[in-house]
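Just so you know, ligand 1 is whichever comes first in the structure, and atom 1 is the first atom listed for that ligand. Any value given below was found using the heavy atoms of this structure, including those in side chains, with hydrogens, waters and symmetry copies removed.
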Amino acid sequence: MTIKEIFDTMDYGPAPESAAEALAWLVDQGSRFGHFINGEFTAPGDGFDSRNPATGEVLATLTQATQEDVDAAVDAARNAQGKWQELGGPGRARYLYAIARLLQKHSRLFAVLETLDNGKPIRESRDIDIPLAQRHFYYHAGMAQLMESELPDAEALGVCGQIIPWNFPLLMLAWKIAPAIAMGNTVVLKPAEYTSLTALLFADICRQAGLPEGVVNIVTGDGAAGEMITAADVDKIAFTGSTSVGRRIREATAGSGKELTLELGGKSPYIVFDDADIDSAIEGLVDAIWFNQGQVCCAGSRLLVQEGIAGRFHTKLKARMDGLRIGNPLDKCIDVGAVVDPVQLDTISSMVAANQAGTMHQAQVEMPESGCFYPPTLIEGLSPADLLMQEEIFGPVLVSCTFRTPAEAVELANNTRYGLAATVWTENLNLALDMAPKLAAGVVWINGTNMFDAAAGFGGVRESGFGREGGWEGLTAYTRAKAKIKPLAKAEPFDGNGAPADPLDRTAKMYIGGKQARPDSGYSQAVYSKTGTLLGHAGLASRKDIRNAVEAAAGAKGWSRTTGHLRAQILYYIGENLSARAAEFAARIDAMTGRKTGTAEVETSIQRLFTAAAWADKYDGQIHGVPIRGVALAMKEPAGVIGALCADETPLLGLVSAMAPAMAMGNRVVLAASEPFPLAATDFYQVLETSDVPAGVVNILTGRHAELAKPLASHLNVDAVWSFSSTDLSAAIEAASAGNLKRTWVNNGAATDWTQDHTKRFLQEATEIKNIWVPYGE
Ligand code: NAI
């Protein structure tokens, strides 16, 4: 018999993993679970069943958290936090390390329980979910060890509320808990209602590791419990799940001062060029969209294939689909397991059924007779506007269309409201590395897909959320600066003394798209000195002026592509020109504020410009040491268009301190000048005009912050909004930002000490980190 004949005649034989140990563990626990609060399991209360989606059998009964349960968990976390923080990084590291070891020791139990509860193939839970969860605890044990030496100015936020989805139950728990407790926070975590069992097993592991009581608390329940955690007295909410719930959480936490990170949905492009290694690209696609039944936030769910190879590629792809094995998730030979729940199965089926466009191929495979299974599906020939090209299906359904040129591929790839991940297949690394920065995504995989590691940050842009998990960048989500917080004092304008106005027109214009602009509203405000003399008029910007300014900023894209060197040159030039007019600016500031601080303010502003210029070509990315033959390049990119309500009390320094770092990183800005003292900003555009700043890069508006905040924060072309206004507009801005889930940085009633140099923090807020994975070698 030849080897070929052996292969041809070989029958498929199932290789099921035993569920006995995992089921025995459930029985040992009485198959009924309470919550894990303050180091103990509470008595089970009213709740709901947790089922195996492959068979429908009830695995256990879980408790629906009540308000009292959530309060008790938050109290336990609050009481434990001080001591946990005081334990110090190395002290905490020992516990994280112990947890990692215990996860490793019980890895099979975790893997089988995860597969029973979620329906994912055992191969995946065994080889991906559980090892990555362990790795996260090992990695962050190291971060705890290094915290004091490497992050000396950072401290824990306090109590973190963490809400996770059902697609990677233990892994998402690890992504949330490991960095939080490493940095000295305590947590209240809610697993998803479909998949809470490994979180409860993890609670048992915390006990075995001797983790102090109250550091990790786990409450179970549905969205109502999630809402209670969101509303509770916590310092931060970390959420992974759907964009619609993420938006609700953004609105619910607006103005509360709670930190927030959101890791939301995606419709990630999978781009195949005609010179790609096609067989590898097809194997990659199996991992991109049929891994975990496509229930992956960063699933490569939109195939974009270059026209010349599209026919051949789709034919091969369909043949590969027909070879996939779908069925019992505990069978080690299975490629595609069960969808998490009948509700999700119904969502997938109805989205596909409602689609009329394109041609559909469903894998010609033997389907299980019962259970939540959906066949691997391809829908080709869709156009970019078709619903299934835009909406997340979150199931094993791939949609595809073709492209001709790299530029067209970028356009199609970015034609979505999401921005989580992107995959590029080409043997031409020159092309791949040219594509990567152009793709709107937080993660780009080249010639590979769905690569994850604790050392590389993961997270998205646009409506895929904000914040990163993993790597050094992920730690900023669980720490804050140690600095003391001063309450914000309102800066008020002076009134006129009734003397007749100077007949000379002193109306300062705004600055939009490189041109002086009168306010569209036709309204102006008078600006008086402390003694009531009229200093001039400043326009009151309207919604229309904001639109014009944002349009100008959005159009000045070229700035984001310039080099750091060039941006530094321009910032130095602004500094020099300001220096030449220092006395004039100082006198103006003194006249408006009634203080004698103008000279110092101008000097510090010049320093800020020089500091930002210095950083423009030095705020580098990193190369992460991920465990592949290759590199993960953590590249810093501009956030895009930033809208900022500038400080009231220091009219020039506040404006320059926000503008300069944003410009240095390649952003374009729309700045609302100090409300009571706007004339330093309107003088400042004359400096910009003489400093070679391209039109649209800096736009300056004057007017009332309370009126400008909402249109700025709700504008879809604005990528981030900052507020340092002495009117606390945090609630309005954060609520309005929920529309396109833009990043916000608001003062929440706390004053900024503008004499201190916060440039580094500004640089961080002005950039997004994109992790580009580049495997190489054989
Ligand atoms: P979901 O976003 O409703 O659930 C995620 C978590 O949030 C769960 O723990 C849930 O109990 C909790 N939750 C629900 N409503 C909440 C609220 N108002 N406040 C606080 N927490 C709340 O996701 P769901 O319903 O399970 O799936 C629906 C769709 O969401 C999927 O079809 C998929 O498109 C998307 N999804 C995306 C995920 C991702 O990783 N990006 C993960 C899970 C779902």
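No N or O atom of T240 sits closer than 3.5 Å to an N or O atom of ligand 1. Distances between N or O atoms of T347 and those of ligand 1 include no value under 3.5 Å. The N/O atoms of G241, backbone and side chain alike, include one that comes under 3.5 Å of an N/O atom in ligand 1. Considering both main-chain and side-chain atoms, F394 never comes within under 3.5 Å of ligand 1 through any nitrogen or oxygen pair. Between Q344 and ligand 1, a contact under 3.5 Å exists for at least one N or O pair. Residue T230 has no N or O atom closer than 3.5 Å to an N or O atom of ligand 1. At under 3.5 Å, not a single nitrogen or oxygen of Y194, backbone or side chain, sits near a nitrogen or oxygen of ligand 1.
Residue contact check for ligand 1: D222 places a non-hydrogen atom closer than 4.0 Å to it. Under a 4.0 Å heavy-atom criterion, F239 is in contact with ligand 1.
With salt bridges taken as basic N to acidic carboxylate O contacts below 4.0 Å, none links K267 and E391.
The shortest heavy-atom contact between G34 and L200 is O-CD2, 3.9 Å. Nearest heavy atoms, G470 versus E473: O-CG, 3.7 Å. Residues D719 and K742 share a closest heavy-atom pair of O-CB, 3.3 Å.
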Distance-only donor-acceptor pairs under 3.5 Å for side chains of residues 223-235, two or more places apart:
from: T230; atom 1: OG1; to: G226; atom 2: O; distance (Å): 2.7
from: D235; atom 1: OD2; to: R78; atom 2: NH1; distance (Å): 2.9
from: D235; atom 1: OD2; to: R78; atom 2: NH2; distance (Å): 3.2
from: D235; atom 1: OD2; to: V159; atom 2: N; distance (Å): 2.8

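Near I163, the atoms of ligand 1 lying under 4.0 angstrom from a non-hydrogen atom of the residue are 6 (C), 7 (O), 9 (O), 12 (C), 20 (C), 21 (N). Within the listing of ligand 1, atoms 41 (N) sit less than 4.0 angstrom from a heavy atom of G265. Below 4.0 Å from some heavy atom of K190 lie the following atoms of ligand 1, by number and element: 8 (C), 9 (O), 10 (C), 11 (O). Every atom of ligand 1 is numbered from 1 in the order shown, and the set under 4.0 Å from a heavy atom of G226 is 19 (N), 20 (C), 21 (N). For ligand 1, the atoms closer than 4.0 angstrom to any heavy atom of R248 are 18 (N).
Atom-to-atom distance recorded for I218:CD1 and Q162:CD is 9.5 Å, nearest 0.5 angstrom. Atom CG in L96 sits 9.0 Å away from atom NE2 in H140 (nearest 0.5 Å). We find the CD1-CD distance between I393 and Q344 to be 11.0 Å, quoted to the nearest 0.5 Å. For the atom pair CG of N217 and NZ of K190, the computed distance is 15.0 Å after rounding to the nearest 0.5 Å.
If you check each of S242, A252, G221, G161 against atom 2 (O) of ligand 1, the one with the closest non-hydrogen atom is S242. Distances from atom 22 (C) of ligand 1 to the heavy atoms of V245, I164, I237 show the closest one on V245. Looking at S244, P165, S196 and measuring to atom 43 (C) of ligand 1, the nearest heavy atom belongs to P165. By heavy-atom distance, the residue among G223, P191, A299 lying nearest atom 13 (N) of ligand 1 is G223.
With a 4.0 Å heavy-atom cut-off, ligand 1 is reached by no atom of Q295. With a 4.0 Å cut-off on non-hydrogen atoms, E227 touches ligand 1 through its backbone as well as its side chain. With a 4.0 Å heavy-atom cut-off, ligand 1 is reached by no atom of I229.
Taking the six-membered ring for Trp and thresholds of 30 and 60 degrees, H136 and W175 have nearly parallel ring planes, at less than 30 degrees apart.
In this structure, atom 10 (C) of ligand 1 lies nearest to the protein heavy atom E193 OE1, 3.5 Å. If you check which protein heavy atom lies closest to atom 40 (O) of ligand 1, you get C297 CB, 3.2 Å. Counting only heavy atoms of the protein, atom 34 (O) of ligand 1 lies nearest to E392 OE1, 3.1 Å. The shortest contact between atom 24 (P) of ligand 1 and any protein heavy atom is with W166 NE1, 3.6 Å.
Shown here, atom 26 (O) of ligand 1 is in close reach of the protein: a heavy atom of it lies under 4.0 Å off. Atom 18 (N) of ligand 1 is approached by the protein to below 4.0 angstrom, counting heavy atoms only.
Evaluated for a side chain to side chain contact (heavy atoms under 4.5 Å, CB included) with F48, the options T61, L62, T63, D222 yield exactly one hit, L62.
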- Message: The test is ring-ring contact (aromatic ring centres under 6.0 Å, His included); show your working for F168 and F291 and say whether it passes.
- Response: CA-CA 11 Å; F168 294 92; F291 167 55; 5.7 Å; yes
- C372 and D341: CA distance, side-chain angles, deciding distance, side chain to side chain contact (heavy atoms under 4.5 Å, CB included) verdict: CA-CA 6 Å; C372 284; D341 189 85; 5.6 Å; no
- Item | side chain to side chain contact (heavy atoms under 4.5 Å, CB included) between F458 and L420, worked out | CA-CA 9 Å; F458 181 89; L420 193 49; 4.2 Å; yes
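Between the side chains of D204 and Q29, no donor N or O sits under 3.5 Å from an acceptor N or O.
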